[in-house]
Amino acid sequence: MSDEQLLAKAYDPADVESKWYSFWEDRGSFHADPASPKQPYTIVIPPPNVTGILTLGHVLNNTLQDILIRFEKMRGRETCWVPGTDHAGIATQTKVEAALKKELGLTRYDLGREKFLEHTWAWKEKYGGAIIRQLRTIGSSCDWQRERFTMDPGLSSAVQEVFVRLFEKGLVYKGRRIINWCPKSRTAISDEEVEYKEQRGHLWHFRYPYADGSGYVVVATTRPETMMGDTAVAVNPKDERYAGKIGQKLVLPIVGREIPLVADDFVDPAFGTGAVKVTPAHDPNDYEMGLRHNLPFVNIMHDDGSMNDDAGAEFSGLDRFACRKAVVARMKELDRLEKIEDYTHQVGYSQRGDVPVEPRLSEQWFVRMAPLAEPALAAVNDGRIRFYPERWVKTYRHWMENIKDWCISRQLWWGHRIPAYTCDRCGELTVAREAPAACPKCGHASLTQDPDVLDTWFSSWLWPFSVFDWPRETPELKRFFPTHSLVTGPDIIFFWVARMIMASLEFTGQIPFRDVFFTSIIRDDQGRKMSKSLNNSPDPLEVVKTYGADALRFTMIYIAPVGQDIRYSNEKCEIGRNFANKIWNVVRFRLRLGPAAANWQSLDGLTSADLRPDDQWIIARLNATVASLTAALDAFQFNEVSKILYEFIWNEFCDWYLESCKPVFNAEKAPRQAVVLRVFDYCLGTFLRLLHPAMPFVTDELYHQMGFAADQESILDADWPAPMPGPALAGLGATDDCVALAQAKFELVRAVRTLRANYQIPTSRSLAEIVVVPAAAAAADYLRRDLDTLKAILGADDLRIRDAYQASGPCGVAVGGMATAYVPLAGVVDLKAECERLAKQEDEIVKYLASLQAKLGNEKFVARAPVEVVAAERAKQAEFEAKLARVREQLTAFGTQA
RNA sequence: GCGCGCAUAGUUCAGUUGGUUAGAACGCUAUCUUCACACGGUAGAGGUCACAGGUUCGAAUCCUGUUGCGCGCACCA
């Protein structure tokens, strides 16, 4: 073998990875054909925010999807992975406004709606979708020809269609309500977009005097700044402290307005002072009370959270938090401040704006959710849709059963504009797919479209079918919808997963997907959430540069516990890097011996007689690996997938099989060489295919290096390995028995190695002679079948199998379950140390036998445990009794020598 | 308050329907640069499976309770 044909000593992923991705993409490996006769398998990507960049969360999420897609593709399905992004209304608009301010010093109002949208589209084309390009670096096999954006014409018309249909069904309505308002983004948001944070604040106790001068009522509030909007004070009707006072007038301090004392069951007499100031325009509960008691609704704030003129000249223009301070100061001055208590409570924050939400009374559009929730709940309850891990079903159920209407209008410009039109003359509201030419009621030709846009999730919830151009009956829609697997984070179970199920059932009558896999949340190695402020979120592209994409992918699934948070650190990627290097070196080793065996694809034609015990063992293990890996993939057990792959190639193939092959390969033209090479290549070819979904780059590279695929082919086109049928395995002698015998042999080898280690005899130094005395005839037969390999693995110049052995001189003894190995070591062996070691081993066996005896001596165990279990315990007892006898025999022998 | 989850080796975690002498990776100790790999090999130390009960012939595994930690939902100003 000439030097230039050798692989580099260590695997360097950089070149390999860039080469293969463009190879796959150029040859259209990822493109799905709706006309294909193959059974389809579809995944739609959870569309990332168009302004976003790749995070480790995306890496995990998309690695899992890619594993599924590649696995199913190799398994023979027509796979379709639809990528794309969503328009992220608030985030994008905010970003573009910031850029506009910075570059041109302009606001969106300076540009006007139309110009601003043009500007935003231009920005999107230029900077948007970076994340989609980045996905390629981790190997995502998306069908890029099908990339979609939620504001594409097709998807936009789906949004219009849905809005109109829901309106016509009475499931979309416009209403004046208290909604969650983000003063920073100046838009309504949905309940789901509010995050509650615990906050240390105060409970201010204010004295509100009776109008008749007969004293005062003390109210407690966390929000003094809203008091200018108070239109009542409420107490519990059963509260005796206020008996007879209901209906009396109080004078609102500072403002001077007279407000009534009302009785309402909502008020908890035990909390605070038992009296609540009622601000119907600024609190959801107060709003309800306001309705019940016919109170006025006084809005005292602008949409940016600053105070308006109705708050009074003193406060007008102040920000709400500045106003809070000012109100407290003023109340103190007026001697209306009774006391201030420390108070820790939950404050709702706008997820996007990260500022406290302001409950705001305004007119918005809502979706009536209860009718949609019912079938969506049923689809999960009856198992048509399955969640992994299953426990998320409970969360889903709870939300569905307590569902509230969804506020879908947003006071933004970037998004799908609401297709509702108001007649400029008669005020009639028309909802239509096309802008009406004239008012259907009065015939007036001038109508004004609702200025608001729809929540981004109102387009995302249609994603599984809108990407296929629903409501048009496209071939893609017919072929690839319903989709199969959804891989997403549990944090958007309500935002997205639940709503997709509702939308899909409502509009297509079908479930959107069969299986939902919820990924782990990624934290840093101290368990903290990744965040910009902590600067603890590594850039995946840097990680790929350092370790390789395969390494990152493999590490992710290796460290991802099922259904729990991942603790990630860059150093952990060494797991994947080392793993890739290990496999690289297997191929490097193999290629030194020449090209792949011509008939590597199968073991057809071979029989038990052609194979060494170790060949049979690795075939059996490979076969078990094929079966368990396939099962793990089917069950979405990705962590298990990584462990199975790792265990097989490292601990079985490299540690034992490859070592076992060395003596055969090193021998001059050993007759077995061809067969062993074929088995070796068969295992390697099979393994590379099994590994491909997890580590696509290095596997395709090595598959080609081995010559398993032609230049223009990809491992991705290869068939997924199928387990061999039982009779075929039996014919090759790859049986459970052969596995058990091999394991016993390995135990014996380890025992000899322990001896070497004890006497510090390096592997490089061969032992002159080893004598093995098998414990039984079967063991003797087994060992005699391949003495050469055993000799080489033990590092012995001479290896003899004997029925009995009496060492003539100082001798190390390794007692295994299968046999005892004698290693004559004149001048090295320390008799005392040997005795101590054997005595320790004796102790261990005695202890173990005692535990077995305790079990087997228990009549109830023997009577009630399954027969196989009892039989297994008996077999162990027999085995260890025999082993104990041999250890004791040896101790005796040493005793007489001493 | 309601719901969910977690607690196993120094660390991070496996442990599938109860039955293996409780495993792996990293770290640690010793040793080896032998011609696949030091991103490696070999050997070794290290755990009363949070605690208390219970079910069972048998519990890390199932049940109940306790403690600690995390998450979600809902909140009384």
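Chain naming here is simple, since letters A, B, ... match the order of the sequence lines and numbering starts at 1 in each.
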Any side-chain N or O of [X] under 4.0 Å from OP1/OP2 of [N]?
{"X": "A/T754", "N": "B/G44", "answer": "yes"}
{"X": "A/K394", "N": "B/C4", "answer": "yes"}
{"X": "A/Y196", "N": "B/G72", "answer": "no"}
{"X": "A/N578", "N": "B/G40", "answer": "yes"}
{"X": "A/W650", "N": "B/G41", "answer": "yes"}

Under 3.5 Å on both distances, the Watson-Crick or G-U partner of [N]:
{"N": "B/C4", "value": "B/G70"}
{"N": "B/G19", "value": "B/C57"}
{"N": "B/C51", "value": "B/G65"}
{"N": "B/C26", "value": "B/G10"}
{"N": "B/G40", "value": "B/C32"}

In whole angstrom, what separates [X]'s [atom1] from [N]'s [atom2]?
{"X": "A/N666", "N": "B/A36", "atom1": "CG", "atom2": "C1'", "result": "12 Å"}
{"X": "A/Q760", "N": "B/G41", "atom1": "CD", "atom2": "P", "result": "20 Å"}
{"X": "A/E868", "N": "B/U20", "atom1": "CD", "atom2": "C1'", "result": "15 Å"}

Checklist line | Sugar-phosphate, base or nothing in reach of A/W204, heavy atoms under 4.0 Å | finding: nothing

Margin query: If you take the centroid of each ring, where Trp contributes its six-membered ring, are A/F517 and A/Y388 closer together than 6.0 Å?
Written below: no

Next item on the list: From the options A/E338, A/E341, A/R336, A/K339, select the one residue that forms a side-chain hydrogen bond (donor to acceptor under 3.5 Å, both in side chains) with A/H205.
Entry: A/E341

Next item on the list: Would you confirm whether A/D283, through its side chain, and A/D286, through its main-chain N or O, come within 3.5 Å as a donor-acceptor pair?
Entry: yes

